[in-house]
Amino acid sequence: MTDIRVRFAPSPTGAPHVGNIRTALFGYLWARHTGGKFILRIEDTDQAREVENGLELILESLRVLGLQWDEGPDVGGPYGPYEQSKRLPLYQEHTARLIAQGQAYYCYCTEERLARMRADQKARGEQTRYDYHCRNLSEAERAERERAGAPKVVRLAVPRGGKTTLRDFIHGDLTIENKNVDDQVLLKSDGFPTYHLAVVVDDHLMKISHVMRGDDWIPSFPKHVLLYQAFGWDIPPHGHLPNVLGPDKKKLSKRHGATSVMQFRDEGYLTEALLNFLARLGWSYDDKSEVFARDQLIDLFTLDKIEHAPAIFDLAKLDWLNGYYIRALSDDDFAARAAPFVPQTDAATLRALAPLTKERVKKLNEIPALVDFLFEEDLEYDPQTLIGKGMDAASALAALRAARATLDKHVSFDDEEKIEAELRADAEKLGMKNLQFFGALRVAVTGKTVSPPLMSSMRILGREKTLRRIARAISALEYL
RNA sequence: GCGACGUUGGUGCAGUCCGGUUCAGCACGUCGCCCUUUCAAGGCGAAGACCAGCGGUUCAAAUCCGCUACGUCGCACCA
């Protein structure tokens, strides 16, 4: 196979959302699968939309998922520079060539004229598009404007008839009639290229072997094909990836909640779960596999398995997958990752908590709600919650008193099995179901009806605090 | 308005390119049972789509063709 070179080419307009990152991931996977190169190129040709730390946000997003690039603005490479704003002369040379060939022309139309033109077209119910005004300028008219120093742009002279076809390795042949293609601006009046010119020039110069981008670009592929033809270049294989949509089937946006991988990570999603989930957005291996580790993705990823219908970001599925990955973590690993989410505790406690909480959360940020009872001094009780089903104040009291007596005999709570056996015996002696007896004890110790396993909770809480809480619960009941 | 792309159970996907051994497969979710001192996790099982609709081609269509509907995207000196 020829050298595979795939590029991810975002523009620095903010933290890339997961849909863009999914596109980056596909490029990364294809490059790694083939032993090719993954290239990062920054499309910073719009100064107006640029964000201060835009570049850093992009780099950080890729790093979070471990999508290491081989060439890029920070690491360089043989085809740099990798920021389009630093390649301006290249674009200018290429447009000059097109103009010389008669395949592009200068346009002196003002914003106002264009706006009026579009308004008129809209009013007439027509498709808005450039009206070829400057394409038909005579040599004298052109010279006149040059003399006046009028600002100008360069437009692509799209053939008025015929059609343009692109072979797409995801959608098959795509065809659009040239009459529906606008005379796109290639070079703006500030000397910067537009996307259309820049991608074609750079993809060619950087020897990109596979062009992958979101399918929202499909309508403009004729402009790119025409440019390749005008330059006399081979067109590399193109694939328009299905877009990532929110649950409402609309293009993903801030409205849908978290959108950057950093946000997801901060909400308690594991990066390996995120990677796995994103890979499945628009790609599938077969009809039954859901879980893929990075190495498997690299091994299994092929272009023919890319879907053509848009992919919907199914948060419920992400949650499930994340829980799956959390459960698979070793206790040590889990404790280390949980640490930032439970700042009020120490490493040893976290490690002890790991086996109890690991399989009870879908996201790391759910851990605090599960174990917060450990970090409070004393609990306030609503006596009613201490009295479970089929119980009354007297029986709850009896249960807690018996439990206290049993626990009091133990200097340490380390032997969970022994303590549990004794408490079970207490329940039986009182003629209670385990549910009733342990239910009362659970509320007394943890303050809630749902908690991690009781014996372990008491062990971690410690003898002193546990007994104090039971005592307080008893007095709360005695008050009734 | 014009154009492009898409449309499989409640949800997300596979199967569609190379029509016929799949009375449409998997996962999430839901429900039931088991386990059980709670909640989870785990095990077992169940319900749920006739493949957007209509019309063609064919001995045979989710799979090919056409039309309609719906959805999304594009139509900037933005990417």
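Note that the coordinates shown come from a computational prediction; the quantities given were computed from them, not determined experimentally. The figures that follow rest on heavy atoms only: side chains count, while hydrogens, waters and symmetry mates do not.
Nucleotides A41(B) and U30(B) place their P atoms 9 Å apart, quoted to the nearest Å. For C51(B) and C23(B), the C1' atoms lie 14 Å apart once the distance is rounded to whole Å. Taking atom C1' in both A47(B) and G42(B), one finds a spacing of 22 Å when rounded to whole Å. A52(B) sits 6 Å from U8(B) when the P atoms are compared, rounded to a whole Å. Between C17(B) and C65(B), the distance separating the two P atoms is 9 Å to the nearest Å. Annotation: C34(B) and G15(B) have their P atoms spaced 39 Å apart (nearest Å). Taking the P atoms as reference points, U16(B) lies 50 Å from U37(B), given to the whole Å. Taking atom P on both nucleotides, G3(B) is separated from G48(B) by 43 Å, rounded to a whole Å.
At the heavy-atom level, V185(A) lies under 4.0 Å from the strands shown only through sugar-phosphate atoms. Across all strands, R124(A) comes closer than 4.0 Å to no nucleic acid atom at all (heavy-atom distances). Within 4.0 Å of P193(A), counting heavy atoms only, lie sugar-phosphate atoms of the nucleic acid but no base atom. Residue S11(A) is in sugar-phosphate contact alone, with no base atom involved, counting any heavy-atom pair closer than 4.0 Å across all strands shown. The residue K358(A) sits apart from the nucleic acid: no heavy atom pair falls under 4.0 Å. Using a 4.0 Å heavy-atom criterion, one finds that S284(A) contacts the sugar-phosphate atoms exclusively. Among the atoms of the strands shown, none is found under 4.0 Å from any heavy atom of K152(A). Among the heavy atoms of the strands, none lies under 4.0 Å from L321(A). Among the protein residues, C109(A) comes within range of the nucleic acid bases, having at least one heavy atom under 4.0 Å from a base atom. At the heavy-atom level, D287(A) lies under 4.0 Å from base atoms of the strands shown. Heavy atoms of K249(A) sit under 4.0 angstrom from primed sugar atoms or phosphate atoms, though from no base atom. Contact annotation for H171(A): backbone-only contact, meaning every heavy-atom pair under 4.0 Å involves sugar-phosphate atoms and none involves a base. Using a 4.0 Å heavy-atom cutoff across all strands shown, T13(A) reaches no nucleic acid atom at all. Among the heavy atoms of the strands, none lies under 4.0 Å from Q436(A).
Comment: E43(A) engages R41(A) in a salt bridge, judged by a side-chain N to carboxylate O separation of less than 4.0 angstrom. Ion pair D173(A)/R167(A) flagged as a salt bridge, since at least one NZ, NE, NH1 or NH2 atom sits closer than 4.0 Å to an Asp/Glu carboxylate oxygen. Looking at D216(A) and K251(A), a side-chain N of the basic residue comes within less than 4.0 Å of a carboxylate O on the acidic one, giving a salt bridge. Using a cut-off of 4.0 Å between Lys/Arg side-chain N and Asp/Glu carboxylate O, R424(A) and E420(A) are scored as salt-bridged.
Checked by atom type, the side-chain pair E146(A)/Y108(A) shows a donor-acceptor distance below 3.5 Å.
Residue pairs meeting the salt bridge (Lys or Arg N to Asp or Glu O under 4.0 Å) criterion with at least one partner in residues 438-457 of chain A, sequence neighbours excluded, are D372(A)-K448(A).
For RNA chain B, the outermost nucleotides in 5' to 3' order that have an atom under 4.0 Å from a heavy atom of chain A are G1(B) to A79(B).
When each of A311(A) and D215(A) is assigned the nucleotide of RNA chain B bearing its nearest heavy atom, the one mapping closer to the 5' terminus is D215(A). Mapping L245(A) and I170(A) onto RNA chain B by nearest heavy atom places I170(A) at the nucleotide closer to the 5' end.
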Worksheet item: Should D333(A) and R337(A) be marked as a salt bridge (charged side-chain N to carboxylate O under 4.0 Å, His left out) after you check the CA-CA gap, both sets of side-chain angles, and the distance that decides it?
Response: CA-CA 6 Å; D333(A) 199 358; R337(A) 304 220 210 185; 3.2 Å; yes

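Secondary-structure annotation of RNA chain B gives the stems B:1-7 with B:69-75, B:10-13 with B:25-28, B:30-34 with B:42-46, B:52-56 with B:64-68, with a stem taken as at least 3 successive Watson-Crick or G-U pairs whose two distances both fall under 3.5 Å.
Sparse packing is recorded around OH of Y285(A), with 12 or fewer heavy atoms of other residues, nucleotides or ligands lying under 6.0 Å away. Counting non-hydrogen atoms of other residues, nucleotides and ligands closer than 6.0 Å to CD of E416(A) gives a total above 12. Environment of OH in Y324(A): sparse, with no more than 12 heavy atoms of neighbouring residues, nucleotides or ligands closer than 6.0 Å.
The aromatic rings of F277(A) and F313(A) lie perpendicular to each other, with more than 60° between the two planes, well past the 30° mark.
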